[in-house]
Amino acid sequence: MTTLSTLTPSGQALSGPRKPHVQKRDWTGWKFIAPFMVVFTLVLIAPVLYSIYLSFFKEQLVGGNSFVGFANYGQALTDPQFWESMGRVTLFFVVQVPIMLGIALFAALAIDSARLHLSSFFRIAIFLPYAVPAVVATLMWGFMYGTKFGLVGNLNDFFHLAIPDPLGSSWVLASIGNIVTWEFIGYNMILFYAALRVIPTDLYEAASLDGAGAFRIIRSIKMPALRPAIVIGGIFSVIGSFQLFNEPSILQSLAPNTISTYFSPNMYAYNLSFAGQQYNYSATIAIIVGLFTAVIAYIVQNSGSRKEV
């Protein structure tokens with residue numbers, strides 16, 4: 001054993017065990033992220049855990065709030081209204097998201113090219129709708145969709161046309177898709193444009209020396225560089241599609257016979273909770289939708305990563 005020798009005032013040597021050096025833990029990093037962790041726990045982790053807790057209970061006439069296990073989940077999986085709303089937003093995602101991302105990609109490529117005049121103006125003009133709050137945008141488009149008081153009605157009267165009712169049962173989902181596309185093209189365009197701006201100019205110069213044209217540069221240089229941004233845009237679009245709430249909820253007052261209380265899963269959960277006082281079943285719907293959204297987002301991310309290999 002290693003000993004430590006010291007001298008007493010009389011000159012006699014004393015020996016004892018050497019104390020090991022203990023390294024003091026540095027908590028500086030945890031102190032910096034502590035405010036975020038507190039807010040993250042309070043606004044995300046705690047509500048999710050509480051929703052899971054609520055989903056295992058049910059308010060009954062006899063016995064009050066009782067533990068029912070997975071009974072609420074079994075009810076949700078056999079609920080035709082829930083599956084109708086899920087099918088509607090799935091169709092919305094499959095059709096609307098590729099159109100929106102395609103237009104945003106085209107706009108980003110056009111603005112990034114040196115052939116488009118007033119590129120700064122178009123960049124701001126395309127992004128501007130994203131700065132409009134969703135409630136305001138929906139009210140604005142709802143007014144234009146009106147067949148009796150709005151733009152569609154005025155066009156029908158002035159030109160003696162017969163434009164179908166955009167808020168009718170056959171067109172309401174497409175009309176909502178048009179609003180969402182108008183709102184978020186600018187956001188995705190900026191996302192793609194930022195990815196294009198970080199491509200080294202040396203690649204363009206080398207491709208030009210090799211005789212590559214504009215379309216070959218897009219296919220061989222720009223599109224591979226855009227793949228991570230496209231994946232991110234796709235993931236955000238998946239989350240946004242299955243969280244569809246503002247647009248149908250606001251338009252419901254204009255088309256009450258077309259937009260039901262279970263038009264989207266979020267509307268269904270909201271109305272179950274605040275109109276039907278079914279908090280437990282509403283929490284169950286929210287948990288299932290969250291899990292389904294996470295699975296679809298993972299598939300989108302995994303497919304994009306696989307192509308990148």
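These values consider heavy atoms only, across backbone and side chains, with no hydrogens, waters or symmetry-generated copies.
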Just how far is it from atom [atom1] of [X] to atom [atom2] of [Y], taken to the nearest 0.5 Å?
| X | Y | atom1 | atom2 | result |
| --- | --- | --- | --- | --- |
| F70 | T284 | CZ | OG1 | 10.5 Å |
| L139 | N246 | CG | CG | 10.5 Å |
| F106 | I111 | CZ | CD1 | 10.5 Å |
| L49 | T41 | CG | OG1 | 9.5 Å |
| E247 | I176 | CD | CD1 | 7.5 Å |
| L105 | M189 | CG | CE | 12.0 Å |

Which heavy atom of [X] sits nearest to which heavy atom of [Y], and what is that distance?
| X | Y | answer |
| --- | --- | --- |
| L109 | L196 | CD2-CD1, 3.9 Å |
| G233 | N188 | CA-OD1, 3.8 Å |
| P256 | S253 | CD-O, 3.9 Å |
| P248 | I259 | O-CG2, 3.5 Å |
| V152 | P166 | CG2-CG, 3.8 Å |
| A283 | L54 | CB-CB, 3.9 Å |

- Message: Assess the residue pair L155 and I163 against the criterion (side chain to side chain contact (heavy atoms under 4.5 Å, CB included)); give the C-alpha distance rounded to whole Å, side-chain angles, the decisive distance to 0.1 Å, and a yes or no.
- Response: CA-CA 8 Å; L155 291 175; I163 301 176; 4.1 Å; yes
Per-pair distances, 0.1 Å, donor-acceptor, side chain in residues 86-103, under 3.5 Å, sequence neighbours excluded:
residue: R88; atom: NH1; partner: F263; partner atom: O; Å: 2.7
residue: R88; atom: NH2; partner: E84; partner atom: OE2; Å: 2.8
residue: T90; atom: OG1; partner: M86; partner atom: O; Å: 2.7
residue: Q96; atom: NE2; partner: T181; partner atom: OG1; Å: 3.1

Please answer whether the main-chain N or O of [Y] pairs with a side-chain N or O of [X] as donor and acceptor at a distance below 3.5 Å.
| X | Y | answer |
| --- | --- | --- |
| N266 | L244 | no |
| D112 | Y193 | no |
| N271 | M267 | yes |
| S85 | F82 | yes |
| S282 | A269 | yes |
| T147 | D165 | no |
| S273 | Y270 | no |

Just say parallel, tilted or perpendicular for the rings of [X] and [Y], cut-offs at 30° and 60°.
| X | Y | result |
| --- | --- | --- |
| F56 | Y73 | tilted |
| F149 | F143 | tilted |
| F184 | Y187 | perpendicular |

Can you check whether [X] reaches [Y] side chain to side chain, under 4.5 Å on heavy atoms?
| X | Y | answer |
| --- | --- | --- |
| L128 | V132 | no |
| I190 | Y130 | no |
| N72 | Q75 | yes |

- Message: Is there a side chain to side chain contact (heavy atoms under 4.5 Å, CB included) between I230 and M223? Walk through the geometry before answering.
- Response: CA-CA 9 Å; I230 294 174; M223 291 305 296; 4.2 Å; yes
Are [Y] and [X] co-members of a hydrophobic cluster defined by side-chain heavy atoms under 4.5 Å apart?
| X | Y | answer |
| --- | --- | --- |
| L77 | L291 | yes |
| L44 | I235 | yes |
| L161 | W171 | no |
| I52 | I285 | yes |
| F215 | L203 | no |

Is [X] atom [atom1] crowded by more than 12 heavy atoms from other residues, nucleotides or ligands, each under 6.0 Å away?
| X | atom1 | value |
| --- | --- | --- |
| W182 | CH2 | yes |
| F242 | CZ | yes |
| F158 | CZ | no |
| F127 | CZ | yes |

- Would you check if there is a donor-acceptor pair between the side chains of N178 and Y145 at a distance under 3.5 Å? yes
- Task: Apply the test side chain to side chain contact (heavy atoms under 4.5 Å, CB included) to residues M140 and I179: give CA-CA distance (whole Å), side-chain angles for both, the deciding distance (0.1 Å), then the verdict.
- Result: CA-CA 10 Å; M140 179 184 68; I179 298 175; over 6 Å; no
- Message: Given the ring of Y204, does K222 sit roughly above its face, with NZ or CZ under 6.0 Å from the centre of the six-membered ring and within 45° of the axis?
- Response: yes
- Verdict with reasoning, V289 to T293, per side chain to side chain contact (heavy atoms under 4.5 Å, CB included): CA-CA 6 Å; V289 173; T293 304; 4.0 Å; yes
